[in-house]
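Naming convention: chains lettered A, B, ... in sequence-line order (proteins, then strands); numbering from 1 in each chain. Keep in mind that the numbers below use all heavy atoms, side chains included, and drop hydrogens, waters and symmetry copies. What you see is a predicted model; the values in this text were computed from it and never measured.
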Amino acid sequence: MDYFIKNIVSLLKEKIDLPEDEIKRLLEIPPDFKMGDYAFPCYSLSKTLKKSPNAIAGELAQAIPVDKPIEAVRAVGPYINFFLDKATRAKTVLKTIFEERDGYGHADVGKGKTVVIDFSSPNIAKHLGVHHLRSALIGNAICNIYKTLGYPCVGINHLGDWGTQFGQLIVAYKKWGSENAHASYTVADLNNLYVRFHQEAEKIPGLEDEARAWFKKLEAGDTEANELWQHFKDISLKEFQKIYDMLGIHFDAFVGESFYNTMVEDTITRIKEKGLSRVSEQALIVDLEPYKMPPCLLRKKDDTTLYATRDIAAAEYRKKTYDFDRMIYVVGSEQKLHFNQFFKVLELMGHDWARRCVHVDFGLMKFKDGKMSTRKGKVILLEDLLIEAVERIGKIIEEKNPSLENKETVARDVGIGAVIFADLSTKRNKDVVFDWDEVLNFEGETGPYVQYTHARLCSILRKYWKPVTADIRFELLKEDETTILIKNLGQFPQIILKAAEFYEPSLICNYLIDVCGSLNRFYNAHRVLSDDEELTKARILLVDATRQVIKNGLNILGMQAPEQM
RNA sequence: GCUCCCAUAGCUCAAUGGAUAGAGCAACUCCCUUCUAAGGAGUAGGUUGCAGGUUCAACUCCUGCUGGGAGCGCCA
């Protein structure tokens with residue numbers, strides 16, 4: 001528990017007949033810093049004490065001894081407000097950051113509890129569009145958040161490299177694609193074939209059946225089918241890797257659905273043995289009627305499997321391989337039902353760890369006039385967006401800071417960062433309408449704003465040139481702007497815990513915006529470097545601490561923190 | 001038809017059941033001989049979709065409704 005909270009709770013415990021945990025739970029942070037640092041609302045006491053909350057607050061505030069880290073205790077209406085001694089807090093917060101450095105915000109709560117995170121997971125033979133951004137970025141950020149808290153993390157890219165669509169692709173390739181040189185094929189070519197298949201399938205009746213037949217051959221191990229499939233996969237992976245490199249996203253494993261093909265028979269057998277499945281309309285299903293859900297399909301009438309089957313097999317395999325404490329699937333909310341179904345099947349199979357599987361869903365990304373669709377070729381390529389962002393930042397650099405070194409690197413870090421931050425900064429379950437101007441806005445609450453703030457702080461530290469020391473007079477850090485900033489910096493570890501609890505990277509974005517706002521107000525109101533040596537030393541420590549917090553925060557989001565821009 | 005998600009300033013979004021609902025963008029005003037103006041200050045902008053309910057207290061919880069999105073057996 002936080003040192004200050006602990007102190008306040010123990011003070012209150014002397015006067016109030018409530019358990020420690022309850023007091024801690026009720027303790028809140030006032031909306032305005034002028035109301036103090038912590039507040040205890042007296043509403044709940046009014047019933048038992050049979051007095052008005054205001055009177056209780058007044059009496060208790062009088063009775064509580066003011067000592068050490070507490071500077072004042074004041075009753076305001078029904079609240080008892082606690083004011084911390086500024087110097088003590090400044091010392092506690094800034095010394096911690098100064099000592100922990102890149103480790104500030106880290107914890108060991110996750111020690112030994114492996115977390116498997118399934119994210120990005122695009123389909124082979126299709127382009128990565130802007131709508132693929134969300135899973136990749138949210139998943140990567142959650143991965144970083146959990147790592148920060150000490151959880152061993154395994155990031156898995158569960159590639160969509162299996163299913164009827166590959167039958168479709170093979171058909172399309174054999175009909176319209178084979179005259180092209182095999183080796184020069186790109187994802188664009190595959191994508192075109194895919195789009196063409198769906199166009200033609202509307203006119204030619206037997207085409208879908210033909211595709212299903214090819215998928216059956218693929219699942220049965222047919223050589224020609226497998227060679228083509230492998231080729232499509234190689235082409236796609238190469239192109240995907242390029243984008244992941246641009247985004248700075250790393251996976252511990254690229255294991256596609258196809259990998260589980262050999263395991264599904266065993267999985268189905270066990271489901272059958274447990275009496276969970278039955279045949280319905282020639283397909284094998286698990287009836288989920290008692291749980292108010294549509295049935296989960298395990299096998300189609302042509303005997304091929306479905307993704308639910310492969311997901312079940314994959315979950316079992318991962319449990320065996322990683323012995324995870326928790327498994328997180330970062331997949332769009334349109335698949336909510338699928339996950340509820342397949343988690344339920346895992347549970348019915350007797351896997352008690354099924355409740356440790358979480359579907360971290362997120363809202364759909366769409367255009368103003370509707371949904372993005374790979375089939376109709378209605379997408380914006382992720383690569384195009386990233387290139388555009390980097391180019392626009394490049395122009396701004398030419399305009400504002402033409403003498404900057406490493407322009408290309410900085411433009412890349414800031415451009416990509418802008419896209420990452422824009423995507424992560426709203427709560428994940430909201431649908432987002434893709435808007436170029438919004439994603440490529442670099443002013444206000446944006447990634448570049450946070451990075452710019454960081455660069456400014458680095459600039460001050462460069463000018464100062466002497467080593468930063470924590471041996472300063474903390475009582476000099478006393479202005480309102482300073483106090484608020486220090487308070488913000490001290491909240492970082494709590495924010496990370498909360499972001500992990502709710503699987504919500506946007507909390508880190510909001511927090512960073514808060515810190516930057518506080519810093520910039522401080523920056524505008526007070527000079528850091530001055531003739532006053534003691535004051536300069538003190539403010540430099542504050543600047544360095546803020547720089548450190550911003551950097552740590554950005555890194556968790558998967559962004560770089562350039563020192564100049 | 002059934003299920004899930006969303007609704008807060010003109011726009012995009014915040015707000016562990018608690019004090020005066022806050023930011024950014026857009027508009028209008030100011031602040032660079034001062035550590036990076038990709039910044040800061042200010043003005044203006046609200047019946048928190050509607051109607052009930054629970055509570056000492058509701059943007060927050062419950063019910064109903066309206067509007068938008070998504071899903072609902074052989075795609076993933």
Answer yes or no: does a side-chain N or O of [X] lie under 4.0 Å from OP1 or OP2 of [N]?
{"X": "A:Lys463", "N": "B:U36", "result": "yes"}
{"X": "A:Lys126", "N": "B:A76", "result": "no"}
{"X": "A:Asn429", "N": "B:C6", "result": "yes"}
{"X": "A:Thr164", "N": "B:C75", "result": "yes"}
{"X": "A:Lys34", "N": "B:A19", "result": "no"}
{"X": "A:Arg212", "N": "B:C75", "result": "yes"}
{"X": "A:Tyr449", "N": "B:G40", "result": "yes"}
{"X": "A:Tyr307", "N": "B:A76", "result": "no"}
{"X": "A:Lys430", "N": "B:A7", "result": "yes"}
{"X": "A:Lys336", "N": "B:G71", "result": "no"}

Classify [X] by what it touches in the nucleic acid, base, sugar-phosphate, or nothing, heavy-atom distance under 4.0 Å.
{"X": "A:His526", "result": "base"}
{"X": "A:Asn81", "result": "base"}
{"X": "A:Lys301", "result": "base"}
{"X": "A:Thr426", "result": "sugar-phosphate"}
{"X": "A:Ala308", "result": "nothing"}
{"X": "A:Leu337", "result": "sugar-phosphate"}
{"X": "A:Arg310", "result": "sugar-phosphate"}
{"X": "A:Ile285", "result": "base"}
{"X": "A:Leu45", "result": "nothing"}

Are [X] and [Y] close enough that a side-chain donor and a side-chain acceptor fall under 3.5 Å?
{"X": "A:Tyr260", "Y": "A:Asp311", "value": "no"}
{"X": "A:Asp302", "Y": "A:Thr304", "value": "yes"}
{"X": "A:Glu479", "Y": "A:Thr482", "value": "yes"}
{"X": "A:Arg310", "Y": "A:Thr305", "value": "yes"}
{"X": "A:Trp162", "Y": "A:Glu219", "value": "yes"}
{"X": "A:Thr536", "Y": "A:Ser530", "value": "yes"}
{"X": "A:His359", "Y": "A:Asn340", "value": "no"}

In the structure shown, which nucleotide is the Watson-Crick or G-U wobble counterpart of [N], with both distances under 3.5 Å?
{"N": "B:U33", "result": "none"}
{"N": "B:U47", "result": "none"}
{"N": "B:U60", "result": "none"}
{"N": "B:U66", "result": "B:A7"}
{"N": "B:G73", "result": "none"}
{"N": "B:G17", "result": "none"}

Nearest of B:A38, B:A19, B:A37 to any side-chain atom of A:Met565?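 Closest nucleotide to the A:Met565 side chain: B:A38.
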
What is the separation between atom CD1 on A:Ile550 and atom P on B:G39, rounded to the nearest whole Å?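 It is 13 Å, rounded to the nearest whole Å.
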
Measure from OH on A:Tyr194 to P on B:A76 and round the result to the nearest Å.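 It is 10 Å, rounded to the nearest whole Å.
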
If you define the side chain from C-beta out and look only at heavy atoms, does anything of A:Phe259 sit under 4.5 Å from A:Asn261?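 When only atoms from C-beta onward are counted, A:Asn261 and A:Phe259 do not touch, as no gap falls below 4.5 Å.
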
With the criterion being N/O to N/O and under 3.5 Å, what pairs connect the protein with nucleotides 23-27 of chain B, and how long is each?
{"residue": "B:A23", "atom": "O2'", "partner": "A:Glu445", "partner atom": "OE2", "Å": "2.2"}
{"residue": "B:G24", "atom": "O4'", "partner": "A:Glu445", "partner atom": "OE2", "Å": "3.3"}
{"residue": "B:G24", "atom": "O2'", "partner": "A:Glu445", "partner atom": "N", "Å": "3.4"}

When you measure from the centre of the six-membered ring of A:Tyr503, is the NZ or CZ of A:Arg428 closer than 6.0 Å and no more than 45° off the axis?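 Checked: cation-pi criterion not met.
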
